[in-house]
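As structure tokens, the structure follows; a few thoughts come after it.
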Amino acid sequence: MSNTVFPTPPVVSVPVRGRAERFPVRRIYCVGRNYEEHAKEMGHSGREAPFFFMKPADALLVVDAGKTGRMPYPSLTSNLHYEVELVAAIGTGGKNIAVEAAMKHVFGYAVGLDMTRRDLQADMKKQGRPWDIGKGFDDSAPIGPIVPAAAAGDIANAAIALDVNGITKQNSTVTKLIWNIAETIAHLSTAWTLQPGDLIYTGTPEGVGAVVAGDLMQGRIAGLDPLLVQVV
């Protein structure tokens, strides 16, 4: 019998390619402006120090392989943006992880979308306030199946792209990350103790833009299962 004042919410989990077990999610860390051309389109440039924001684990919209997720158009916005991202799933935790050892902490990878209420984010920026309302809303973190690292191929050089209604909007490679996967893990682990179940959304390339109800997004990263999400 439970000793909680209401039923404990289920742990959010993501399917793993080729395995019956699922990946239980603890935290979602996101890296801001981690592709140079995207930084420029957002009004910044250069290799600035990495910075991070977080989304709640229950902001995940989990989409199985071969399925299409349905994302309700969120409230309070008229400018909903897509951002396709490589997601690194942490399997072994640690603090102050060395860059040289960082990749050993990765369980696998997935295609993710960092959906953004851009108008609300911009308003918060102007006021010097946190971005949570623009970034951490319900269903703001769609994700496809996690592919174990050993099966993901040459992820450091993988192509990354996003199509909207069959038209390519974002098209780049993971090599263009300003801070690569290992460096990102090392930086994160100086501020937080990483734990198994953490997800890291590593940043998006240039070409972000708005979608409306009815639009179909397909995120693609070479070696991983594509992620299909329709805005409804």
Side-chain angles (χ1 to χ4, degrees), residues 2-32 52-77 80-94 105-117 130-149 151-152 162 181 184-185 188-189 191-204 217-219 221 224-232:
S2 173
N3 64 348
T4 56
V5 297
F6 52 83
T8 303
V11 174
V12 179
S13 64
V14 181
V16 177
R17 182 200 284 178
R19 295 178 62 165
E21 303 94 341
R22 297 174 67 90
F23 183 91
V25 177
R26 175 178 174 265
R27 291 180 179 174
I28 303 173
Y29 297 99
C30 303
V31 189
F52 309 100
F53 58 92
M54 298 175 72
K55 294 182 183 245
D58 62 4
L60 286 174
L61 174 61
V62 179
V63 183
D64 290 336
K67 304 293 185 180
T68 299
R70 292 170 61 84
M71 178 187 178
Y73 195 94
S75 61
L76 304 179
T77 185
L80 175 66
H81 276 210
Y82 54 79
E83 298 185 9
V84 66
E85 309 209 0
L86 171 66
V87 181
I90 297 297
T92 305
H105 293 258
V106 178
F107 171 82
Y109 302 96
V111 181
L113 293 175
D114 169 16
M115 300 303 293
T116 304
R117 294 193 278 206
W131 297 359
D132 299 62
I133 196 169
K135 287 287 193 179
F137 53 94
D138 297 345
D139 300 314
S140 63
I143 190 170
I146 293 171
V147 178
L162 181 126
I181 300 164
T184 296
I185 290 170
L188 263 175
S189 71
W192 294 275
T193 300
L194 295 179
Q195 298 285 1
D198 289 341
L199 298 177
I200 303 172
Y201 278 59
T202 59
T204 196
M217 301 173 287
Q218 183 183 54
I221 298 176
L224 306 182
D225 295 296
L227 171 62
L228 280 84
V229 177
Q230 185 166 36
V231 184
V232 297

Handout entry: Set of residues satisfying side chain to side chain donor-acceptor pair (under 3.5 Å) with respect to D225, sequence neighbours excluded
Key = R17
Practice task
Can you see which heavy atom on R22 is nearest to which on V62, and at what distance?
Solution key: NH2-CG1, 3.9 Å
Exercise for the section: Using a strict cut-off of less than 4.0 Å between a Lys/Arg side-chain nitrogen and an Asp/Glu carboxylate oxygen, indicate whether D198 and R27 qualify as a salt bridge. Expected result: no
Exercise for the section: Applying side chain to side chain donor-acceptor pair (under 3.5 Å), name anything that partners S189, two or more places apart in sequence or on another chain. Expected result: none
Practice task
Give every residue pair that meets the side chain to side chain donor-acceptor pair (under 3.5 Å) criterion with at least one member in residues 60-73, sequence neighbours excluded.
Solution key: none
Exercise for the section: I would like to know whether D114 and K55 meet salt bridge (Lys or Arg N to Asp or Glu O under 4.0 Å); could you show each step before the answer? Expected result: CA-CA 9 Å; D114 169 16; K55 294 182 183 245; 2.8 Å; yes
Handout entry: Note, V111 side chain near I143 side chain (heavy atom, < 4.5 Å)
Key = no
Problem - Distance in Å, L113 CG paired with T116 OG1, rounded so as to fall on 0.5 Å steps - result: 10.0 Å
Exercise for the section: Identify the heavy atoms of A65 and P145 that sit nearest to each other, and give their distance. Expected result: N-CG, 3.5 Å
Problem - Ring-ring centroid check Y201 Y29, cutoff 6.0 Å - result: no
Practice task
Could you grab the distance from atom CE of M217 to atom CE of M115, nearest 0.5 Å is fine?
Solution key: 4.0 Å
Handout entry: Heavy-atom pair with the smallest gap, counting every atom of I221 and A110
Key = CD1-O, 4.3 Å
Handout entry: Test item: L60 and L199 side chains (from C-beta on) under 4.5 Å apart, heavy atoms
Key = yes
Handout entry: For V25 against A57, the heavy-atom pair lying closest together
Key = CG1-CB, 4.0 Å
Completion exercise
Rounded to the nearest 0.5 angstrom, the CG-CD distance for L227 and E85 is 11.5 Å
Handout entry: Side-chain heavy-atom pair L194, T92 within 4.5 angstrom cut-off
Key = no
Exercise for the section: Indicate the atoms forming the closest heavy-atom contact of G144 with V14, along with that distance. Expected result: O-CG1, 3.4 Å
Fill in the blank from the handout: Tightest non-hydrogen contact, residues I28 and A141, listed as CD1-CB, 4.4 Å
